[in-house]
Amino acid sequence: MSSLIEAKSLNTHYGESHILFDVNFKINPGESVGLLGRNGMGKSTLIRTLMGHVRPSSGQIKIRGDDHTRSAPHQVSRLGVAYVPEGRGIFPNLNVRENLLVAARPGVNERNDWSYDRVLETFPRLTERLGHGGQQLSGGEQQMLAIGRALMTNPDVLILDEATEGLAPLIIAEIWRIIGTIRETGVATLIVDRNYRKVLANTDRCVVLEKGVVVHEKQSAALIQQPELLTQYLGV
Amino acid sequence: TVKVGFMLPYSGAYGTIGQTIENAFKLYVEEQGGKLAGQDIQYFRVDDESNPSKGPDNANRLIKRDQVDVLVGSVHSGVAMALAKAAKDAGVTLIIPNAGADAITGPLCSKGVFRTSFSNWQPGYAMGPVAIDKGYKTAVTITWNYAAGQESTDGFKEAFEEKGGKVIRHLTVPFPTVEFQPLLTEIASIKPDVVYAFFAGSGAVKFVQDYAGANLAANIPLLGSGFLTDGTLEAQGASADGLLTTLHYADNLNTPRDNAFRASFSKRYPSNPIDVYAMQGYDAAQLLDAGLKAVGGDIKKRDQMHEAMSNAVVDSPRGQFKLSAAGNPIQDIYLRQVKNGKNEIVKVAVEKLADPARGCKL
Amino acid sequence: MDVTTYLIQCLNAVQYGLLLFLVASGLTLIFGIMGIINLAHGSFYMIGAYMAFALQPLVAQYLGGGFITTVLVCIVLAALLGYFLEWAFYSYLYTRDHLQQVLMTYGLILVFEELRSIIIDNDVHGVSAPEWLSGSIQLGDLMTYPTYRLFISAVCIIVAVFMYWLLSRTRLGMMIRAGASNREMINSLGIDINQLFRVVFALGVALAALAGAIAAPVSSVYPGMGNAVIIICFVVVVIGGIGSIKGAFIAAMLIGFVDTFGQILFPQVAGVLVYIMMATILLFKPEGLFKQG
Amino acid sequence: MTTAYYTTLIIKVMIYSIFALSLQLLVGCTGLISLGHAAFFGVSAYAVTLLSPEFAAGNLLWLVPVAVISAMVYALITGPLALKTKGVYFIMVTLAFAQMAYYVFHDTKLGGGTDGIYLNTRPELRIGDAVLLDISSNYSFYVFTLGCLIFTWGFLTILMRSRFGAALTGIHVNEQRMRAVGYSTFGYKLTAYIVAAGFGGLAGVLYAIKDGYVNPELLSWEQSGIVLFMVILGGTSRLWGAMIGAAGLIFLQELFQSEAIFGAFAVHWHLTFGLTVIALVALMPTGLIGLPKQLSKRRGKKKPSPTVRSATVH
Amino acid sequence: MSQTLLSAKNITRRFGGLIAINNASLNLNQGAVHAVIGTNGAGKSTLVSVLSGEIPPNEGQIKMLDKDITDWSQPDRAQAGLGRSYQRTTIFPSLSVHENCRISAQSKHQKFWNWGTPHTKCDFTNEAASHALELAGLSQFAHRKAGLLSHGGKRQLEIAMCLATRPKVLLLDEPLAGMGAEETDRMLGLLNDLKKEHAVLLVEHDMDAVFRISDEITVMVNGCVIAHGEPEEIRNNPDVQTAYLGDEA
Ligand SMILES: Nc1ncnc2c1ncn2[C@@H]1O[C@H](COP(=O)(O)OP(=O)(O)OP(=O)(O)O)[C@@H](O)[C@H]1O
Ligand SMILES: Nc1ncnc2c1ncn2[C@@H]1O[C@H](COP(=O)(O)OP(=O)(O)OP(=O)(O)O)[C@@H](O)[C@H]1O
Ligand SMILES: [Mg+2]
Ligand SMILES: [Mg+2]
């Protein structure tokens with residue numbers, strides 16, 4: 001079976017500074033991948049490169065087997081890749097309802113699991129805020145909105161960059177549960193989160209980045225058994 | 001050689017006027033065989049963009065960079081003010097082929113500054129007796145809230161009230177607004193015997209159209225300074241038919257001098273309309289010619305040349321005229337009526353009308 | 001002022017307000033919603049008016065249509081022009097400092113004005129209203145009111161309703177607003193924001209041209225007509241609250257009334273009244289009457 | 001003799017440099033984009049003209065301060081109101097206040113209405129009867145203007161290097177944070193606004209003296225626009241960008257208007273000038289001051305250019 | 001326990017119809033970390049904003065060392081020693097990391113009449129800035145443009161800027177959000193040091209951290225304070241568990 005997303009020897013620069021070094025990376029359909037690493041190691045940069053926001057200086061990105069190294073983010077998104085960025089990216093001048101509806105569309109193969117109502121059911125807190133501007137939401141509410149909005153595109157891969165930042169423990173638990181549900185429906189996930197234990201527990205495979213280099217790639221279950229690695233690369 | 005600098009608008013709303021004036025000036029020089037008083041004429045030109053705030057700088061281009069001997073300009077009053085100041089300071093001769101600001105040949109008059117056109121006061125004043133003759137007792141004046149409009153309507157008011165009429169309201173529109181509907185409604189509610197208007201260019205077109213569109217003309221006749229219908233008739237179309245205006249020129253004077261001028265101009269510049277601006281530009285050249293002839297082409301003898309210019313009798317297509325002491329033409333003002341897309345002469349409204357040149361110490 | 005005059009003045013005010021809204025409507029899209037400080041909006045208005053003037057004989061000759069056909073042709077051509085301009089000039093400015101837009105659109109104004117003068121000329125021209133709209137209705141005892149002005153008002157209202165529907169009842173409005181605040185994010189959601197902006201920009205230009213073409217018979221076409229409206233357009237959008245169609249509509253109406261009654265009641269300060277009003281409104285509502293979001 | 005023309009041209013460049021520098025203090029340094037800066041220019045220009053005796057030379061010693069202060073007073077009155085708003089709204093409020101001043105001079109007899117008024121004799125610097133500085137000749141006026149420019153530039157440079165300047169920079173970048181760490185930003189912004197008005201006024205004084213003619217158009221929004229364009233063209237990231245912008249804009253206009261170079265096509269100089277402006281914007285994202293850097297980069301290496309497709313806005 | 005530096009009494013704040021804070025009171029004491037936890041949208045950030053003077057309260061009173069500061073502006077309060085960090089990163093992205101802190105530090109030494117020394121040459125501010133950066137663990141990035149830091153780096157800078165003003169009372173809105181495990185550890189250590197001299201209000205969702213460091217906890221739900229007490233009390237409070245903690249406790 002071919003990978004959903006596959007990146008081969010990616011190199012990415014921001015201007016003069018070299019951030020990613022020959023990164024190889026892939027996500028298979030339905031698979032859940034965790035991305036671990038300290039602050040500033042290039043996790044978000046890798047994601048942004050995959051999404052097409054940053055153009056790699058060399059390397060190749062394949063999505064569903066086709067070359068998409070130079071595709072624009074909207075083309076990537078239309079292939080079923082949804083992205084919850086760090087910092088949330090809520091549209092401040094749209095209200096909650098609009099923030100959700102603006103993203104609504106059926107996924108690849110007309111997949112239509114996530115309706116507006118279902119998203120609201122998942123995040124009941126948002127129901128009370130439908131008319132509020134994105135700017136006025138509390139931090140946690142914004143985070144829920146960002147995830148809900150990504151789901152509105154009915155993706156096959158959900159990329160969550162620090163998606164639980166600023167959420168209450170109950171909600172975080174809920175989000176992990178939802179991620180579980182999403183996984184069960186066959187949606188692949190790529191997860192960056194500071195809570196590495198949760199990441200390890202909720203993913204099939206984990207990739208560890210250190211200064212833009214992939215230093216480890218292991219089944220999550222195996223990695224959990226190696227606390228010394230975690231100490232070395234995550235400082236815990 | 002004599003260096004002549006045109007500071008005229010070549011772009012924007014007055015762009016055509018500037019070109020016309022230049023063409024007519026050159027036409028006269030060509031008719032004289034390309035020389036005035038035996039001197040070659042070298043031309044320089046600067047687009048003044050009708051922008052008074054650039055006036056001084058543009059004047060400097062001609063005076064200091066090109067070092068012209070004679071300045072010809074401009075159309076816009078504010079620009080002409082700047083030009084007059086610069087010319088005075090530099091001791092260069094200035095011939096104004098259009099701008100009508102009263103002040104230039106009033107308080108700010110000066111020896112080397114001449115005008116071959118008119119002062120705003122003149123056509124306005126001349127309309128006063130016309131309105132009285134027609135039996136109008138009350139009038140409303142309307143114009144943009146700016147100096148030229150004020151001067152023109154003041155002239156009208158002066159003459160109209162001298163003869164027993166009464167201007168009951170003076171209406172103004174902020175310059176350069178062209179939304180006239182509220183004031184037309186106001187006029188309809190005041191119901192004067194007659195309306196005197198001063199507008200030019202696009203404002204004139206729009207005002208005349210709106211006045212006709214409101215059907216006011218049937219009950220309250222519209223009179224205006226000539227610029228209401230000069231250069232604008234094509235755009236105004238039928239709405240201008242029958243309008244009476246006063247100006248120092250008309251389209252069918254039918255004098256030998258005028259016919260010769262018109263024939264010559266339309267032969268040389270077939271696509272350029274012949275209008276009052278062409279005539280004024282032509283006369284600017286004639287005035288300069290008179291001055292140069294008196295000093296035998298020696299532009300250095302400026303004082304003598306100025307003397308000769310102020311005493312010259314210009315054989316203008318509009319009819320002969322002399323300049324007043326302040327440098328403004330003493331000229332017949334015609335009453336014209338719009339017929340078949342032309343400003344046709346009805347009669348002479350006031351003969352040999354001189355601007356009072358209030359405040360001029362010359 | 002007697003009652004009839006007063007009512008007629010109100011009609012004038014409404015009519016003027018509607019016209020202002022029509023002229024500003026394209027700017028509401030381009031500036032208010034897409035967030036581009038487009039000084040060249042007046043030029044698009046001017047282009048519309050001049051197209052109506054220049055194309056009328058051509059349309060009559062080749063398409064056999066009258067005024068309405070001409071206006072439609074103008075709209076289509078303007079939309080194409082807008083599409084091209086966005087692609088060629090505006091598209092690379094989104095990620096830059098907004099001030100760059102100011103400078104570039106200033107350059108465009110100069111270019112358009114000069115091209116206008118080269119292609120047409122510097123004269124004032126009239127455009128005739130279609131025969132079937134050239135009638136008038138009696139108002140008061142002396143005055144009549146041209147039917148064509150009522151027609152303009154009708155067009156303005158249709159445009160207002162259309163824009164309101166487009167922006168608050170369709171997803172398009174959300175997408176544009178979202179794109180204006182965060183292009184990267186809207187892109188991540190699978191929306192081709194470049195294409196979308198290009199289309200909306202074209203629509204904005206088309207609206208400006210429509211305003212110019214429709215207004216041409218009453219305003220005539222003349223050099224500098226674009227620059228004469230640009231400031232008032234920004235005033236309309238800003239007083240209304242950037243991005244709000246409803247706000248722009250109400251602002252245009254307010255200006256219509258202030259201007260109309262200002263000219264009659266306070267002629268000496270009429271020119272500045274609109275600005276006094278704007279300053280006052282913004283002092284009490286620093287983000288306009290109806291701020292979006 | 002033509003040198004006289006170029007002297008005048010350079011004087012004009014210097015005056016506009018002062019004007020643009022004063023606006024740079026608002027736009028580039030404090031992030032307050034004003035479209036009403038011509039008001040200060042015009043108010044001072046009118047003040048110096050109206051206060052000068054009609055047929056004798058006025059005294060610079062008090063004329064300049066009084067004219068400059070009149071602009072600052074106008075800023076002091078309008079500033080607190082305008083600063084209540086932000087962004088585009090600020091642009092429009094400053095425009096509104098400038099238009100108010102414009103219509104005062106345009107529609108009333110105060111300064112000769114639309115025709116404007118003359119300043120017949122250039123003022124001089126006198127103490128008692130001793131004339132210390134006579135600027136009636138072109139050259140002495142050139143030196144005087146140069147002195148004013150150096151003073152303005154020096155003053156603003158030192159200002160921006162001081163803590164006050166650092167605070168303005170902070171306000172430009174993130175006003176919310178500045179308040180949170182304890183700056184009352186309003187006072188800073190108002191001070192900057194008034195100082196900018198003062199230097200704008202100084203430019204206006206010089207302009208009035210240069211031509212001896214003032215006109216309401218000096219306060220028009222087009223005038224405010226032009227100086228803003230200068231600032232943007234030069235670049236807002238450095239103070240002196242304003243001077244480069246003023247010089248650049250004026251020389252470009254001069255160039256394209258020159259019949260000596262473009263012949264008859266010079267009449268269409270708006271076209272060439274407009275296209276050049278567009279090209280400059282397209283090629284120089286940071287304004288003219290970015291030019292040396294860009295050139296050296298181009299000459300330097302043929303490395304892959306920056307790969308960020310769209311700048312992130314956080 | 002020692003002196004109460006900041007106390008808020010019966011604060012209420014509404015946004016239109018929404019009551020973001022409903023009659024909440026709390027005290028911040030020197031030498032203690034006072035954590036405020038609560039559901040998303042409970043009004044914690046709003047509370048921080050009200051305390052710091054960014055938003056005025058509709059009702060209630062705020063006192064700092066017995067002075068009523070309810071009507072003081074935000075800058076005045078900051079001058080009096082109130083420092084805050086933001087939940088949504090609020091830095092000067094176009095300036096260097098060091099400059100970010102220096103400008104913050106300068107607020108205590110504004111001296112805007114002093115034009116002689118360039119602002120970069122002021123020892124006091126430079127030292128304060130370097131010190132703050134060191135505390136926050138950003139020294140190595142001091143000369144990088146702040147906007148180019150990674151997300152976690154920006155979060156650290158957020159705290160550093162707050163520290164650079166040397167406040168007496170720290171209001172920290174989710175300082176740990178976005179920080180990695182290592183940085184979290186460092187931050188907690190830092191807070192432990194800081195609390196000796198300062199009063200700290202900590203809004204945080206990271207329960208491990210909260211229970212490790214705080215001396216006092218206030219729990220908010222929907223604008224109301226539903227519980228207040230020592231960490232152990234709160235951990236075992238059934239209301240708090242159902243409303244907020246879930247099985248985290
Ligand atoms: N726009 C940019 N320009 C230049 N450098 C950047 C830019 N964005 C990020 N960087 C740098 O690239 C490196 C990697 O950043 P990235 O955001 O990918 O880290 P990260 O692993 O996601 O960290 P975090 O956990 O803090 O989010 C960092 O050193 C950062 O400073
Ligand atoms: N400016 C505002 N206008 C209207 N409502 C607002 C505004 N600011 C906050 N709110 C609302 O007030 C409530 C409290 O918000 P606040 O940001 O204080 O929550 P919080 O406790 O910090 O939540 P979180 O933990 O998610 O950050 C939220 O429901 C939010 O939507
Ligand atoms: Mg990251
Ligand atoms: Mg919060």
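Proteins come first, then strands; the chains are lettered A, B, ... in the order of their sequence lines, and each starts at number 1.
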| said: Run the salt bridge (charged side-chain N to carboxylate O under 4.0 Å, His left out) test on C/Arg177 and A/Glu98 for me, step by step, so that the C-alpha distance in whole Å, both residues' side-chain angles and the decisive distance to 0.1 Å come before the verdict. | reply: CA-CA 10 Å; C/Arg177 277 186 281 142; A/Glu98 293 170 328; 2.9 Å; yes
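- Both the backbone and the side chain of A/Ala103 come within less than 4.5 Å of a heavy atom of chain C.
- A 4.5 Å side-chain heavy-atom check between C/Met185 and A/Arg149 finds at least one atom pair inside the cut-off.
- Proximity to chain C (any heavy atom under 4.5 Å) is shown, for A/Val102, by both the backbone and the side chain.
- Environment of OH in A/Tyr116: crowded, with over 12 heavy atoms of neighbouring residues, nucleotides or ligands closer than 6.0 Å.
- Ranking A/Gln135, A/Arg105, A/His132, A/Met152 against chain C, the residue ahead of the rest is A/Arg105, based on heavy-atom pairs under 4.5 Å.
- Within the 4.5 angstrom heavy-atom criterion, atoms from both the backbone and the side chain of C/Ile186 approach chain A.
- By the 4.5 Å heavy-atom criterion applied to side chains, A/Met51 and C/Ser188 are counted as neighbours.
- Here CG of A/Leu101 is found 7.5 Å from CZ of C/Arg171. Values are rounded to the nearest 0.5 Å.
- If you take CG on A/Asn93 and CD1 on C/Ile242, they are separated by 11.5 Å, rounding to the nearest 0.5 Å.
- You'll find the side chain of A/His74 stays beyond 4.5 Å of the side chain of C/Ile191, heavy atoms only.
- Of the residues considered (C/Asn187, C/Leu172, C/Asn194), C/Asn187 shows the highest number of contacts with chain A, using heavy-atom pairs under 4.5 Å.
- Here the OG atom belonging to A/Ser77 is positioned 6.0 Å from the CG atom belonging to C/Leu189, to the nearest 0.5 angstrom.
- In A/Asn109, the CG atom is not crowded: 12 or fewer heavy atoms of neighbouring residues, nucleotides or ligands sit closer than 6.0 Å.
- Heavy-atom minimum distance, C/Asn182 versus A/Phe91: O-CE2, 3.7 Å.
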